[in-house]
Amino acid sequence: NPRVPPVRHYPNIWKMASRSLPPTAKAHAVQASRSRAASPDELAQIPWLMRLEGAERERVVADLRVVSVAPGELVCRVGRPVTYWFGLVDGLLKMSNDSALGMPITFTGVPPGGWFGEGTVLKNEPYRYNIQALRSSLVAGITVGTFHWLLDRSIGFNRFVMNQLNERLGQFIAAREIDRLTHPDERVARSLAALFHPALYPGVGELLRITQQELGYLVGLSRQRINEALNALQASGVIHVEYGGVRVLDLDRLRRYRA
């Protein structure tokens, strides 16, 4: 279709050489000492803050910290105790672990607006996964104490957390289905659709800012194969590749895409 430009027309973003990520075992964890208080603009990007009453909001604003995370740095590491409930203000994160054979297993990506780890906080158990930055990211967090304080007092916060847990369950069921797909185009389609989740990732909107290499880290495919898959998806009319990312044209068809 001559009206559909191929992905290769966007070399500045799609053929950009990204720094290779270090293995999680060798990656450095971000230091809490680098954190700071959030600005008003950053607070405005936290989706559940508007659900809180006055005193609840005041406690969160006083407690909440944000930190800049470099590509490859870890926000959470397997086996470490949980101290914060985290969310992503800007950037892109990867949730992963290593198999019994030492091979990395990616569970999901976390785009802007996503808050994660509430199950770990609720159970007060060590992390069973790593959270690694795929690019320069801004991460926010509230302490475990404030998280449980809100659960004891805020109906709005409880509803948000319950919805998170419900949507997260659906997300991981879908992830298991992706694992069973053998066609790379279908795996890329489902993985992209998972990142366009309005409840879990309200900060994404219709345009996801992501490079081929970052998408390759999440799907487990080479950058060249990601390029082919994006061309196929764009030709089918479910996405449009733009300077800086991917725009979804039909989310339902993207979720059900068959090669």
Side-chain angles (χ1 to χ4, degrees), residues 21 30 35 38 41-52 60 64-71 73-77 82-97 106-122 127-144 146-147 150 156-175 178 190-211 214-215 217-219 244-248 251 254-255:
L21 292 180
V30 64
S35 68
D41 287 343
E42 292 160 352
L43 290 172
Q45 297 179 60
I46 297 175
W48 48 269
L49 200 57
M50 66 183 69
R51 299 170 179 252
L52 305 183
V60 167
L64 188 141
R65 307 291 291 178
V66 296
V67 62
S68 295
V69 186
E73 282 191 312
L74 294 177
V75 179
C76 309
R77 188 190 292 274
V82 58
T83 53
Y84 279 82
W85 181 48
F86 292 110
L88 183 63
V89 178
D90 187 44
L92 186 64
L93 306 176
K94 178 182 73 167
M95 179 184 290
S96 67
N97 201 342
T106 297
F107 298 132
T108 186
V110 182
W115 284 74
F116 53 90
E118 54 278 346
T120 304
V121 177
L122 285 167
Y127 286 110
R128 298 184 180 183
Y129 48 83
N130 300 301
I131 297 288
Q132 188 174 32
L134 295 184
R135 73 167 76 124
S136 296
S137 301
L138 184 66
V139 175
I142 60 172
T143 60
V144 169
T146 293
F147 179 92
L150 288 171
F157 186 74
N158 272 271
R159 287 176 176 167
F160 180 85
V161 172
M162 288 177 61
N163 187 60
Q164 283 278 112
L165 293 169
N166 181 55
E167 297 292 346
R168 190 83 66 201
L169 176 61
Q171 181 187 48
F172 281 109
I173 291 174
I178 293 173
R190 300 301 196 286
S191 297
L192 272 177
L195 297 175
F196 284 91
H197 194 302
L200 289 175
Y201 312 126
V204 173
E206 295 181 350
L207 179 66
L208 174 67
R209 301 196 175 279
I210 192 169
T211 68
E214 290 166 347
L215 189 53
Y217 284 136
L218 296 179
V219 184
V246 175
R247 184 177 299 276
V248 168
L251 183 56
L254 183 64
R255 288 171 174 156

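Position 1 is the first residue of the sequence, and the numbers go up from there. The basis for the numbers below is simple: all heavy atoms, side chains too, and nothing from hydrogens, waters or symmetry mates. Predicted, not measured: the structure shown is a model, and the values here were computed from it.
Formation of a donor-acceptor pair under 3.5 Å by the Arg190 side chain with backbone atoms of Arg255 is found in this model. The backbone N or O of Ser96 lies less than 3.5 Å from no partner atom in the side chain of Thr106, so there is not a single donor-acceptor pair.
Residues forming a side chain to side chain contact (heavy atoms under 4.5 Å, CB included) with Ala194 (at least two apart in sequence, or on another chain): none. In this structure Arg128 satisfies the salt bridge (Lys or Arg N to Asp or Glu O under 4.0 Å) test together with Glu125, sequence neighbours excluded. The side chain to side chain contact (heavy atoms under 4.5 Å, CB included) check on Val30 picks up Arg34, Val67, Val69, Glu73, with sequence neighbours excluded. The ring pair (Phe, Tyr, Trp, His ring centres under 6.0 Å) test applied to Phe116 returns no partner, not counting sequence neighbours.
Using a 4.5 Å cut-off on side-chain heavy atoms (C-beta onward), Leu64 and Ile46 make contact. In this structure the side chain of Leu215 never reaches within 4.5 angstrom of the side chain of Val246, judged on heavy atoms. Side-chain atoms of Val204 and Leu195, non-hydrogen and from C-beta on, never get closer than 4.5 Å to each other. In this structure the side chain of Ser68 never reaches within 4.5 angstrom of the side chain of Ser137, judged on heavy atoms.
Taken to the nearest 0.5 Å, the CD atom of Gln132 stands 8.5 Å off from the OH atom of Tyr217. In this structure, Arg135 CZ and Asp90 CG are separated by 7.5 Å, a value rounded to the nearest 0.5 Å. Separating the CE atom in Met95 from the CD1 atom in Ile131 is a distance of 3.5 Å, to the nearest 0.5 Å. Distance CE/Met50 to CG/Leu43: 11.5 Å, rounded to 0.5 Å.
Residue Arg247 places its CZ atom among more than 12 non-hydrogen atoms of other residues, nucleotides or ligands, all under 6.0 Å distant.
Within the structure, side-chain hydrogen bond (donor to acceptor under 3.5 Å, both in side chains) pairs that include any residue of residues 191-200 comprise Glu167-His197 (at least two apart or interchain).
Of the listed residues (Val60, Val82, Val121), just one forms a side chain to side chain contact (heavy atoms under 4.5 Å, CB included) with Phe147, and that residue is Val121.
Closest approach of Leu92 and Pro111 over heavy atoms only: CD1-CA, 4.0 Å. For Tyr201 against Arg168, the heavy-atom pair with the smallest separation is OH-NH1, 3.9 Å. Between Gln45 and Val89, the shortest heavy-atom distance links the atoms OE1-O, 3.6 Å. Minimum heavy-atom separation, Thr83 to Tyr127: N-OH, 4.4 Å. Smallest separation of non-hydrogen atoms from Pro202 and Gly113: CD-O, 3.4 Å. Residues Gly245 and Leu207 share a closest heavy-atom pair of C-CD1, 3.9 Å.
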Which donor-acceptor pairs under 3.5 Å do side chains of residues 156-165 form with protein atoms, sequence neighbours excluded?
{"residue": "Asn158", "atom": "ND2", "partner": "Leu151", "partner atom": "O", "Å": "2.8"}
{"residue": "Asn158", "atom": "ND2", "partner": "Ser154", "partner atom": "O", "Å": "2.7"}
{"residue": "Gln164", "atom": "NE2", "partner": "Trp115", "partner atom": "O", "Å": "2.9"}

Inset, instruction - Kindly determine whether Val75 and Leu88 satisfy side chain to side chain contact (heavy atoms under 4.5 Å, CB included), including the steps that lead there. - result: CA-CA 11 Å; Val75 179; Leu88 183 63; over 6 Å; no

Legend entry - Full working for side chain to side chain contact (heavy atoms under 4.5 Å, CB included) between Leu218 and Leu134: CA-CA 9 Å; Leu218 296 179; Leu134 295 184; 3.8 Å; yes

Inset, instruction - Please lay out, stage by stage, how Ile142 and Leu150 fare under the test side chain to side chain contact (heavy atoms under 4.5 Å, CB included). - result: CA-CA 11 Å; Ile142 60 172; Leu150 288 171; 4.1 Å; yes

